[in-house]
Amino acid sequence: MKKTLYTMCFMCSVRCPIQVEVENGQVRWVQGNPHVPGMEGSLCPKGAAGTSFLYDEQRLQTPLIRVGERGAGQWRKASWDEALDYIAEGLKKVVDTHGGRSVALMERANLATHVSKTFLKAIGSPNHVTHDALCKGSVNTACRSLFGYTDADMGMQYDKTKHIILYGRNIFEAVAVREVNNLMTALSNGAKMTYIDPRVTVTATKAHRYWMIRPGTDLALNYALMHVILEERLYDAAFVERWVEGLPELRDFVRPYTPAWAEAETGIRAAEITALAREVSRDKPSVIFHFGYRGAHHVNEIYLRRSLLILNILMGSIEAPGGLFFKKGPGAVDRKPARKLTDQELPKVSEPRADQVGTAKLPLPDPAHGVPQSLVDAILTQTPYPLKALFINRFDALKSIPDTHRTKQAFAKLDLIVAIDVNFSDSAWYADVVLPESTFFERTDCVQQANGLKPQIFLRPQAIPPIHDTREYAIIMRQLAERMGIEKYFPYTTMDELVDWQLEPTGFTRQDFDAKGFVAYAKEQLFWNRLDGLKLKTPSGKIELRSSLLEKAGFASFPPYAAMQRPEGDRFRLVVGRVAAHTHVSTQNNPYLNELYPENLLWIHTRRAAALGIKDGQTVLVTSAQGQGQIKAFVTDLIHPEAVFMVHGFGHEARLAARTFNRGVSDSVLQACLTDPVGGSPALHDTFVTVAPAKADEAPPAAKKKHAAKRS
Ligand SMILES: Nc1nc2c(c(=O)[nH]1)N[C@H]1C(S)=C(S)[C@@H](COP(=O)(O)OP(=O)(O)OC[C@H]3O[C@@H](n4cnc5c(=O)[nH]c(N)nc54)[C@H](O)[C@@H]3O)O[C@H]1N2
Ligand SMILES: Nc1nc2c(c(=O)[nH]1)N[C@H]1C(S)=C(S)[C@@H](COP(=O)(O)OP(=O)(O)OC[C@H]3O[C@@H](n4cnc5c(=O)[nH]c(N)nc54)[C@H](O)[C@@H]3O)O[C@H]1N2
Ligand code: SF4
Ligand SMILES: [Mo]
């Protein structure tokens with residue numbers, strides 16, 4: 001028996017629409033959904049490795065309960081009833097002793113996040129955090145400071161752009177399939193691409209202009225670009241006049257930041273900076289200064305993100321074709337979005353958040369997401385109150401939060417750790433109970449409300465029944481809710497019931513998705529009139545260059561430029577990023593992808609390597625104040641001499657993920673946990689390291705802690 005269906009890939013969280021061929025209960029073929037513009041059959045390498053994930057014997061197959069010490073890797077298989085009873089018993093003990101607030105849940109924001117939020121509210125905890133701040137929290141805060149909308153409410157129209165400027169947005173390796181294809185359309189129609197990165201990436205090789213910037217100096221470049229644009233009056237005067245608050249202040253502020261000044265800071269020639277400002281202005285308003293991703297790298301990240309958005313604003317590219325747009329929801333055509341469990345009347349939680357978002361310490365990060373690294377602080381210090389149980393869903397706290405040693409110390413303070421995953425993540429390895437979720441092929445998921453220029457809804461229906469003893473997250477949480485006596489907030493027992501409940505207000509039914517995998521609320525793209533129809537959500541109703549959000553919280557809108565500390569002597573700035581063949585920390589053990597890219601390497605400049613006696617391919621020891629690890633050197637001229645680079649996501653500790661166990665180094669072991677206090681992102685690129693040839697007699701390549709990690 002053969003069938004074709006439409007669903008969504010989940011080899012990364014982009015959730016590309018895909019078409020799946022199933023024959024005799026086996027997934028035989030996967031490709032991009034041909035009905036979705038920009039997909040048309042395409043997949044990235046990770047999406048193409050989906051079946052190798054589905055049929056991998058090393059993924060999680062049954063619930064597991066720890067029997068040895070945490071991290072020792074000794075487990076007993078358990079039935080679902082046994083595992084859920086065990087968790088419920090532990091949870092009740094924690095709640096009875098310390099209150100509902102002592103339970104926390106960390107997850108990568110996903111389609112079932114409303115289920116998690118509902119669970120926590122129902123037991124009386126405010127402590128839900130997502131990965132968002134780790135990825136792009138400062139981008140989120142920057143968008144709110146200017147427009148009153150979050151970054152999730154905004155998009156970029158790649159296919160119509162005339163010039164895109166990418167600041168380490170390595171779009172051809174850190175991939176989202178539709179973005180890549182849409183940008184290729186623009187490039188084949190003659191659009192220009194400028195790429196700025198201290199490292200020559202694949203994207204750099206495809207750009208019309210590439211600048212090897214000194215790491216950490218993009219803000220200086222942007223102030224000089226603004227300087228030229230304002231001095232030469234190259235901006236979109238009509239747009240700025242109508243919508244912008246604070247232009248005179250900006251003009252005064254950037255006056256001293258000349259291209260010559262920026263040249264000394266960035267290493268980019270002043271004449272070239274001026275030339276870019278003039279060239280881009282000729283293509284306005286169809287230009288994009290890409291403001292997203294790589295959003296989490298310095299303690300003043302918020303101001304870099306604001307500067308990128310301000311450049312777009314000066315170009316008038318807001319709600320312009322080929323520029324930035326605000327996503328439109330069903331409300332724009334008088335329709336209703338899919339319902340979420342959090343739309344129900346839920347108990348009010350009055351406890352303050354343990355991560356201190358919304359307090360004087362972190363007043364501005366988005367409370368819808370919280371700040372995970374600050375929650376780690378709260379667990380470690382057990383302040384402002386005890387935190388005793390932690391759920392980790394679709395997230396690997398030990399690898400995705402800087403300073404693994406510190407996160408492990410925090411874990412030691414917990415009475416109960418539950419990991420819900422599809423793989424043996426390192427966090428699962430250190431958990432007390434591991435619950436296996438069904439993979440994206442094997443489960444029906446919650447509804448995806450996809451707002452954009454055309455509001456749409458996508459579904460992820462089950463392609464085949466689970467191969468192993470796994471369940472869907474929303475069902476797992478419903479079954480746990482039954483044991484905790486809070487099941488009334490979970491009005492479903494199957495995923496089909498939940499999807500029907502979610503779809504009810506939309507006027508669509510599940511059957512409406514059979515033909516193409518999605519439904520659209522509108523036929524045409526919806527733009528607001530950029531000269532009189534922007535619906536801004538700032539207090540002034542304007543785009544606030546002078547931000548009331550920042551200033552009310554005691555932060556400046558235009559703080560004077562402060563240069564990043566430079567690595568001195570033999571030290572390097574550690575910079576990290578993605579590779580096309582892997583998703584963050586999830587796919588390193590995938591049979592196909594592991595073969596394509598089995599371990600990370602340390603990029604180091606030829607001259608610096610020679611001075612240290614390091615040869616290409618040689619194993620080196622990388623050391624920071626937090627930790628150290630052994631990794632092979634990639635000696636090259638393709639990186640700025642001040643930086644070394646490694647791909648994030650390696651150095652796995654879970655032995656049962658056997659292909660990737662102990663291969664390469666985890667950046668999180670090396671990184672200091674520093675946070676942008678305004679935006680909420682961790683400063684992933686503010687760690688300095690030394691690099692030395694590894695001694696021949698040292699242990700084989702492995703990430704080691706400088707301090708012996710305490711086992712709980
Ligand atoms: N040191 C350091 N930290 C970083 C970054 C960095 O570059 N360096 N990057 C940051 C960025 S940009 C991001 S977005 C975050 C990402 O952080 P994470 O979300 O932690 O990383 P992922 O690799 O996307 O996924 C984490 C876990 O989800 C599991 N998973 C995959 N599919 C499923 C599923 O269907 N169900 C369940 N339950 N689990 C599943 C994977 O097996 C994996 O263990 O990390 C941030 N943290
Ligand atoms: N294949 C793949 N694709 C992905 C993901 C994935 O895990 N795998 N994850 C998705 C997610 S969640 C994210 S957040 C995005 C990330 O998307 P990007 O932000 O585009 O990707 P990164 O690899 O994190 O980019 C880091 C780049 O910034 C450069 N860089 C370092 N320091 C500086 C600097 O000071 N200035 C400038 N201009 N550049 C600098 C690095 O050399 C590196 O090339 O990718 C998304 N797409
Ligand atoms: S970008 Fe690749 S891995 Fe991510 S959802 Fe799309 S096809 Fe899947
Ligand atoms: Mo991210």
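Read the numbers this way: they start at 1 and go in the same order the structure lists the ligands and their atoms. Fair warning: this is a prediction, and the values are worked out from it, not measured in the lab. Values below: all heavy atoms of this structure, side chains included; hydrogens, waters and symmetry mates excluded.
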Task: ligand 1 atoms in contact with Ser668 (distance to a heavy atom under 4.0 Å) - done: 1 (N), 2 (C)
Task: His35-Tyr6 aromatic ring centre distance below 6.0 Å - done: yes
Open item on the list: For atom 41 (C) of ligand 1, what's the nearest protein heavy-atom neighbour? Residue, atom name and distance, please.
Closed with: Asp421 OD1, 3.3 Å
Task: Per-residue contact class, Lys46 against ligand 2 - non-hydrogen pairs under 4.0 Å - done: side chain
- [ ] Please work out whether any backbone atom (N, CA, C, O) or any side-chain heavy atom from C-beta onward of Arg394 is under 4.0 Å from ligand 1, and answer side chain, backbone, both or neither.
- [x] both
Task: ligand 3-proximal atoms of Met8, by part, heavy-atom distance under 4.0 Å - done: neither
TODO: Just go through Leu134, Asp218, Val175, Val14 and tell me whose heavy atom is the nearest to atom 4 (C) of ligand 2.
DONE: Val175
Task: Arg443 to ligand 1, any heavy atom closer than 4.0 Å - done: yes
Task: Which residue and heavy atom of the protein sit nearest atom 2 (Fe) of ligand 3, plus the separation - done: Cys44 SG, 2.3 Å
- [ ] Could you tell me whether Tyr597 and His582 have their ring centroids closer than 6.0 angstrom?
- [x] yes
Task: From the candidates Gly168, Pro198, Ala643, the one that places a heavy atom nearest atom 40 (C) of ligand 2 - done: Pro198
- [ ] Would you mind listing which atoms of ligand 3 come within a distance below 4.0 Å of any non-hydrogen atom of Gly47?
- [x] 2 (Fe), 3 (S), 7 (S), 8 (Fe)
Open item on the list: Within the 4.0 Å heavy-atom shell around Ser400, which atoms of ligand 1 are there?
Closed with: 3 (N), 4 (C), 17 (O), 18 (P), 20 (O), 21 (O), 45 (O), 46 (C), 47 (N)
TODO: Just let me know how Arg108 lines up against ligand 2, side chain, backbone, both or neither, with a heavy-atom cut-off below 4.0 Å.
DONE: side chain
TODO: Check each heavy atom of Asn393 against ligand 1 and say whether those closer than 4.0 Å belong to the side chain, the backbone, both or neither.
DONE: side chain
Task: ligand 1 contacted by Arg578 (non-hydrogen, < 4.0 Å) - done: yes
- [ ] Determine whether the side chain, the backbone, both or neither of Thr439 has a heavy atom under 4.0 Å from any heavy atom of ligand 1.
- [x] neither
Open item on the list: Looking only at distances, can you tell me whether any N or O atom of Ile420, backbone or side chain, sits closer than 3.5 Å to an N or O atom of ligand 1?
Closed with: yes
Open item on the list: Does the plane of the ring in Phe53 sit parallel, tilted or perpendicular to the ring in Phe440? Use 30° and 60° as the thresholds.
Closed with: parallel
TODO: Could you list which atoms of ligand 1 come closer than 4.0 Å to a heavy atom of His131?
DONE: 14 (S)
Open item on the list: Suppose I only count heavy atoms of Thr201 and a 4.0 Å limit; which atoms of ligand 2 are within that range?
Closed with: 44 (O)
TODO: Number the atoms of ligand 1 from 1 as they appear, then name those within less than 4.0 Å of a heavy atom of Ser425, with their elements.
DONE: 44 (O)
Open item on the list: So, 2.8 Å as the limit: is an N/O/S atom of Cys12 located closer than that to atom 4 (Fe) of ligand 3?
Closed with: yes
Open item on the list: Which of the numbered atoms in ligand 2 are under 4.0 angstrom from any heavy atom belonging to Ala580?
Closed with: 1 (N)
Open item on the list: For ligand 2 and Thr217, I'd like to know whether there is a polar contact (N/O to N/O, distance under 3.5 Å).
Closed with: no
Task: Side chain, backbone, both or neither: the part of His652 lying under 4.0 Å from ligand 1 by heavy atom - done: neither
Open item on the list: Counting only heavy atoms closer than 4.0 Å, does ligand 1 sit against the backbone of Gln671, its side chain, both, or neither?
Closed with: side chain
Task: Heavy-atom nearest option to atom 6 (C) of ligand 2, drawn from His582, His297, Met11, His648 - done: His582
Open item on the list: One residue to check: Cys135. Relative to ligand 2, which of side chain, backbone, both or neither has a non-hydrogen atom less than 4.0 Å away?
Closed with: side chain
- [ ] Report the part of His685 in contact with ligand 2, treating N, CA, C, O as backbone and CB onward as side chain, heavy atoms under 4.0 Å; options are side chain, backbone, both, neither.
- [x] side chain
Open item on the list: Polar contacts were defined as any N/O atom of the residue lying under 3.5 Å from an N/O atom of the ligand; does this apply to Val576 and ligand 1?
Closed with: no
